[in-house]
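A short worksheet on the structure shown next.
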Amino acid sequence: MGDHEQGMSYGDDENTHAPADVDLSRPSIARVYDFLLGGKENLEIDRRAANRFLNVVPEAAQIARDNREFLRRALRFLVGEAGIRQVIDVGSGLPTAGNVHELAHEIAPDVRVVYVDNDPVVLAHGRALLDRDQITTIIRADLRKPETIFEHEDSTKLIDFSQPYAMLLGGILHHLFDKEDPYGATAHIVERLVPGSYLLVSNFLDDDEPRAKAAERAFMDSGLRRGRFRTWAEQRRFFEGLELVEPGFVYVNDWRPDERTSTEDAVRTLHAGGIGRKV
Ligand SMILES: C[S@@+](CC[C@H](N)C(=O)[O-])C[C@H]1O[C@@H](n2cnc3c(N)ncnc32)[C@H](O)[C@@H]1O
């Protein structure tokens with residue numbers, strides 16, 4: 001993806017080409033994240049929401065970039081070292097520089113990728129971009145009903161669920177409230193993973209960073225109304241039934257850092273990630 005001219009465009013805020021079922025009076029998680037990553041597929045309402053968050057955590061754009069860098073290093077491990085050839089990226093977000101399928105294909109061109117998001121805008125962009133791609137697709141499904149991801153006919157067409165695959169949950173579980181049962185969703189996923197498969201999780205963390213509570217409140221007050229920052233102990237539950245890959249569940253910038261990993265990040269303690277393996 002990476003080319004913001006492709007796919008559906010908003011033009012300016014007055015003249016949008018968003019799908020009919022999109023509520024443009026509210027910010028969306030995907031468009032706020034796009035703004036933080038320097039993308040163009042966002043509206044004034046999204047930028048206002050992002051600014052609520054930036055007021056509390058001025059380094060928020062760096063956190064978003066760190067998360068994308070974590071995904072890049074994780075794919076290097078999953079595809080390059082662990083030999084994974086099937087990836088499901090849940091909560092994939094809007095196209096950005098260095099999309100999962102592009103990163104994976106740089107290492108192995110035969111990796112099959114299914115993008116999953118519940119935002120119709122993400123779906124419209126993804127469909128336009130992946131139109132002629134035979135081994136990458138995007139589906140609309142909801143992590144709160146994980147079976148819809150496994151049972152979608154486009155997933156079953158592309159993914160052989162009897163063979164190892166990687167499930168990516170990057171920056172999504174902190175948008176699910178406890179009452180929406182995120183632990184049930186990950187338990188369902190872990191249960192279905194065949195041995196040799198992997199689960200990646202990255203999330204905001206509420207333990208070591210004094211601004212975490214205020215940052216979570218900013219999410220809630222911004223119009224996104226979706227924020228639940230969890231502690232280390234809470235988040236370790238997402239990996240129950242899996243063996244953590246080295247170096248474990250850590251601040252994302254401590255996960256196999258390389259020469260591109262930021263070391264001067266003032267809010268590195270707000271953001272944790274890891275990969276578990278089904279044995
Ligand atoms: C912050 S973005 C993360 C993008 C990307 N995974 C990353 O790590 O860089 C979160 C994405 O999750 C999607 N999302 C939020 N709740 C979801 C749900 N219940 N089911 C599917 N997607 C969801 C949002 O629409 C958004 O595109």
Side-chain angles (χ1 to χ4, degrees), residues 1-2 7 18-19 21-23 26-39 41-42 46 49-50 53 57 60-75 78 87-104 113-126 138-150 152 155 166-186 188-189 199-204 215-216 219 222 224-229 252 255 270-275:
M1 297 194 245
D21 55 343
V22 177
D23 178 1
R26 292 188 48 189
S28 92
I29 295 165
R31 297 192 311 254
V32 168
Y33 193 60
D34 173 71
F35 172 67
L36 292 173
L37 286 172
E41 306 302 342
N42 49 78
D46 306 307
F53 194 64
V57 185
Q62 183 63 43
I63 299 178
R65 288 194 293 271
D66 288 348
N67 192 48
R68 296 305 305 181
E69 284 292 307
F70 168 61
L71 286 180
R72 178 184 61 78
R73 299 194 303 281
L75 284 163
L78 291 166
V87 177
I88 306 173
D89 181 14
V90 186
S92 48
L94 284 160
T96 184
N99 293 296
V100 161
H101 74 293
E102 295 164 338
L103 295 169
V113 177
V114 174
Y115 288 115
V116 180
D117 210 287
N118 68 350
D119 183 332
V121 173
V122 173
L123 199 77
H125 276 275
I138 181 158
I139 64 168
R140 188 173 177 188
D142 199 308
L143 177 60
R144 291 168 295 185
K145 294 183 185 139
E147 67 283 359
T148 59
I149 299 169
F150 291 95
H152 195 288
S155 308
M167 198 90 176
L168 313 183
L169 300 181
I172 180 170
L173 285 162
H174 53 226
H175 296 302
L176 264 59
F177 297 120
D178 290 351
K179 65 180 183 210
E180 295 175 313
D181 197 15
Y183 303 110
T186 50
H188 181 108
I189 290 169
L199 174 70
L200 172 149
V201 169
S202 70
N203 278 313
F204 282 116
E216 184 188 69
F219 255 108
S222 68
L224 288 174
R225 291 188 228 144
R226 293 209 147 266
R228 169 74 168 86
F229 294 11
V252 291
W255 200 92
L270 193 60
H271 194 196
I275 297 182

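Side chains included, hydrogens not; waters and symmetry mates left out as well; all remaining heavy atoms used. Just follow the structure's listing: the first ligand is 1, and inside any ligand the first atom is 1. If you read the sequence from its start, that first residue is 1, and numbering goes on from there. Bear in mind that the values here come from a model prediction, so they are computed numbers and not experimental data.
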Residue list, side-chain hydrogen bond (donor to acceptor under 3.5 Å, both in side chains) with Asp181, at least two apart or on another chain: none
Residue shell around ligand 1, heavy atom under 4.0 angstrom: Ile29, Ala30, Tyr33, Asn67, Arg68, Leu71, Gly91, Ser92, Gly93, Asp117, Asn118, Asp119, Ala141, Asp142, Leu143, Arg144, Gly170, Gly171, Ile172, Leu176
Contact list for residues 168-179, test salt bridge (charged side-chain N to carboxylate O under 4.0 Å, His left out), sequence neighbours left out: Asp178-Arg228, Asp178-Arg230
From CD1 (Ile29) to CG (Asp117), nearest 0.5 Å: 8.5 Å
Smallest separation among heavy atoms of Arg31 and Glu41, with atom names: CG-O, 3.4 Å
Non-hydrogen atoms of Val57 and Ala215 that approach each other most closely: CG2-CB, 3.8 Å
Asn67: side-chain hydrogen bond (donor to acceptor under 3.5 Å, both in side chains) partners, not counting sequence neighbours: Tyr33, Ser202, His271
